[in-house]
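Working notes for the structure below.
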2 protein chains.
Amino acid sequence: MRNSRSDVVSAALRVLDTQGLENCSMRRVATELGVQPSALYHHVRDKQTLLALMADEIVSGIGAGVALDVGTGAGAGAGTGTGAGTGTEAGAAGETGAREAARLLCRDLREAMLAVRDGADVVATASAFRLGASSVETRLGALVGDDGARTLLLYTFGHAQSTQTHRQAAEFGALTGGAGDPAEGAGAAGDLDASFDRGLDIILAGLAAS
Amino acid sequence: MRNSRSDVVSAALRVLDTQGLENCSMRRVATELGVQPSALYHHVRDKQTLLALMADEIVSGIGAGVALDVGTGAGAGAGTGTGAGTGTEAGAAGETGAREAARLLCRDLREAMLAVRDGADVVATASAFRLGASSVETRLGALVGDDGARTLLLYTFGHAQSTQTHRQAAEFGALTGGAGDPAEGAGAAGDLDASFDRGLDIILAGLAAS
DNA sequence: ACCTGAACACCGTTCAAGT
DNA sequence: ACCTGAACACCGTTCAAGT
């Protein structure tokens, strides 16, 4: 047994991270694996399938530190017992906890995508747009409802893609451009993180207002 | 003068709409134009540039019916005069008008992208991710602030992409699949529109709560 | 200015054949 | 089960040369 399916996925992720999505061809993955291109098709139906497996790998392990059931379980701060008094609401403190858990989940997802070159593109195209594909979507749905989950996910994907596009442009500019305005290069990374958080705030405020 | 730059863009949009983005190659655009592939490079630097021009064309004419300056001008319902009494707020009615104008702009943008096959993909990758590219972003920024504009745009792009992906899958299923559950096919289109509006509501509620 | 013809360095995928 | 070798039908882009 020379190579397994997960060997192929690992090699593909290595190529992705070093060469970028546009150079992540089946032929280069094969070369990375020391094998003929046709050999890949023994492990994977086609390139699209390989990209989906890569996306799964990128988001695997997301939200490990985030409580699973804030509203209903015994996990977070203002847990289970608040039910009877508050009527139709599931408990105000519990709802706040759910939104905070959703916030952490989105931050975690974003971080995982940004950790590998063009990761946001791969994840967004491979898993965002077939409904209910990811466990993250399910967990978000349980926390803030399906509409909220969808809104948060699309925002998170979009902002991560935008972040990676800007970072690549900045890298390119640093290589080709002049001496480089130091303030511009330094401020950019944190600015993008802050920008992401502000958008997250807007959506979470909207969910609170429902 | 055989062909102009905008002839190339038009031909490319025809190919896009009939064959889809994955088949919209320089060579097919050339064929559509009755010309050799190399001739295109007299009008357009490279494929990426052509895609950007196509994106501009797709979103051109958006928001024609939406008032330009709700908060500051004389356009919409509760115009200019409310300022003095309400202090730091620019007038509650004016803010509501701005958010409603933003809602119309986003709906308009979505509609324009959905009007051509894979239009959302083209617009999102070509113009969403270099900041301040579109006039739509500028207009949204004037209405609800930069963070709100970015959040609304990313959501609108993402949802439109998702919508087109699902529609294509449904089409494909209708061709290859069985007799076709009539309720499934009929309900899908309106469901996606309603889903978009609900997400929009969440974000606009969040902006109102700021 | 606009286009042709030919070439270069790539793609994804299939398929018989090997071990 | 896993892989090779060869082929098929494509790509984007460049460049000399034509009119």
Side-chain angles (χ1 to χ4, degrees), chain A residues 1-57 117-118 121-122 125-127 130 165 168-169 172 176, chain B residues 1-57 117-118 121-122 125-127 130 165 168-169 172 176:
Chain A
M1 193 191 56
R2 307 249 268 198
N3 279 308
S4 74
R5 186 182 173 107
S6 69
D7 290 332
V8 173
V9 177
S10 303
L13 283 171
R14 251 174 287 138
V15 174
L16 178 70
D17 201 40
T18 58
Q19 327 248 38
L21 181 56
E22 92 176 345
N23 295 313
C24 189
S25 65
M26 296 298 272
R27 295 177 113 102
R28 292 205 196 200
V29 173
T31 299
E32 169 77 22
L33 222 50
V35 115
Q36 293 294 317
S38 51
L40 299 181
Y41 292 86
H42 204 266
H43 301 282
V44 115
R45 179 194 294 273
D46 54 20
K47 193 185 183 180
Q48 201 191 165
T49 305
L50 177 54
L51 283 168
L53 292 170
M54 292 161 71
D56 289 348
E57 184 67 27
R117 164 124 86 130
D118 291 333
D121 268 292
V122 172
T125 65
S127 59
R130 6 156 254 213
T165 297
Q168 271 173 232
F172 189 76
T176 169
Chain B
M1 194 190 56
R2 307 250 269 200
N3 280 307
S4 73
R5 187 182 172 106
S6 70
D7 290 331
V8 173
V9 176
S10 303
L13 283 170
R14 253 175 284 138
V15 174
L16 178 70
D17 201 40
T18 59
Q19 328 247 38
L21 181 57
E22 92 177 343
N23 296 314
C24 189
S25 63
M26 297 298 271
R27 294 177 113 102
R28 292 205 195 200
V29 173
T31 299
E32 169 77 23
L33 222 50
V35 114
Q36 294 294 318
S38 51
L40 299 182
Y41 292 87
H42 204 267
H43 302 281
V44 115
R45 179 194 293 274
D46 54 20
K47 193 184 184 181
Q48 201 190 163
T49 304
L50 177 54
L51 284 167
L53 292 169
M54 294 162 70
D56 288 348
E57 184 68 28
R117 162 123 88 130
D118 291 335
D121 268 292
V122 172
T125 64
S127 59
R130 5 155 254 212
T165 298
Q168 271 173 234
F172 188 79
T176 169

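Chain identifiers are assigned alphabetically (A, B, ...) following the order of the sequence lines, protein sequences preceding nucleic acid strands; residue numbering begins at 1 within each chain. All of these numbers come straight from a predicted model, not from anything done at the bench.
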Atom of B:His43, atom of B:Asn3 and distance for their closest heavy-atom approach: CE1-O, 2.7 Å
Nearest atoms (heavy-atom pairs only) where A:Leu51 meets A:Val122: O-CG1, 3.7 Å
Runs of at least three consecutive pairs that involve DNA chain C, where pairs are Watson-Crick or G-U with distances under 3.5 Å: C:4-8 with D:12-16, C:12-16 with D:4-8
Where at least one partner belongs to residues 35-48 of chain A, residue pairs that pass salt bridge (charged side-chain N to carboxylate O under 4.0 Å, His left out), sequence neighbours excluded: none
Residue pairs, two or more places apart or on separate chains, that pass salt bridge (charged side-chain N to carboxylate O under 4.0 Å, His left out) and touch residues 33-43 of chain A: none
N/O donor-acceptor pair under 3.5 Å between A:Asp118 side chain and A:Leu21 backbone: yes
Of B:Val9, B:Asp17, B:Val15, the residue whose pairing with B:Leu13 passes side-chain contact (heavy atoms from CB on, under 4.5 Å): B:Val9
Nearest-angstrom distance, C1' atom, C:dC3 to D:dA16: 13 Å
Could you go through residues 27-38 of chain A and list every donor-acceptor pair under 3.5 Å that involves a side-chain atom there, pairing it with any protein atom two or more places apart or in another chain?
{"residue": "A:Thr31", "atom": "OG1", "partner": "A:Arg27", "partner atom": "O", "Å": "3.0"}
{"residue": "A:Glu32", "atom": "OE2", "partner": "A:Arg14", "partner atom": "NH1", "Å": "2.5"}

Which residues share a side-chain hydrogen bond (donor to acceptor under 3.5 Å, both in side chains) with A:Asp7, sequence neighbours left out: A:Ser4
Any B:Met54 side-chain heavy atom under 4.5 Å of B:Cys24 side chain: yes
Segment of DNA chain D, first to last nucleotide, that comes within the 4.0 Å heavy-atom reach of chain B: D:dC11 to D:dC15
Nucleic acid contacts of residues 19-30 of chain A, taken as heavy-atom distances under 4.0 Å to DNA chain C: A:Ser25, A:Met26, A:Arg27, A:Arg28
DNA chain D: 5'-proximal contact among B:Ser38 and A:Asn3 (nearest heavy atom): A:Asn3
Residues, nucleotides or ligands: over 12 heavy atoms within 6.0 Å of A:Gln168 CD: yes
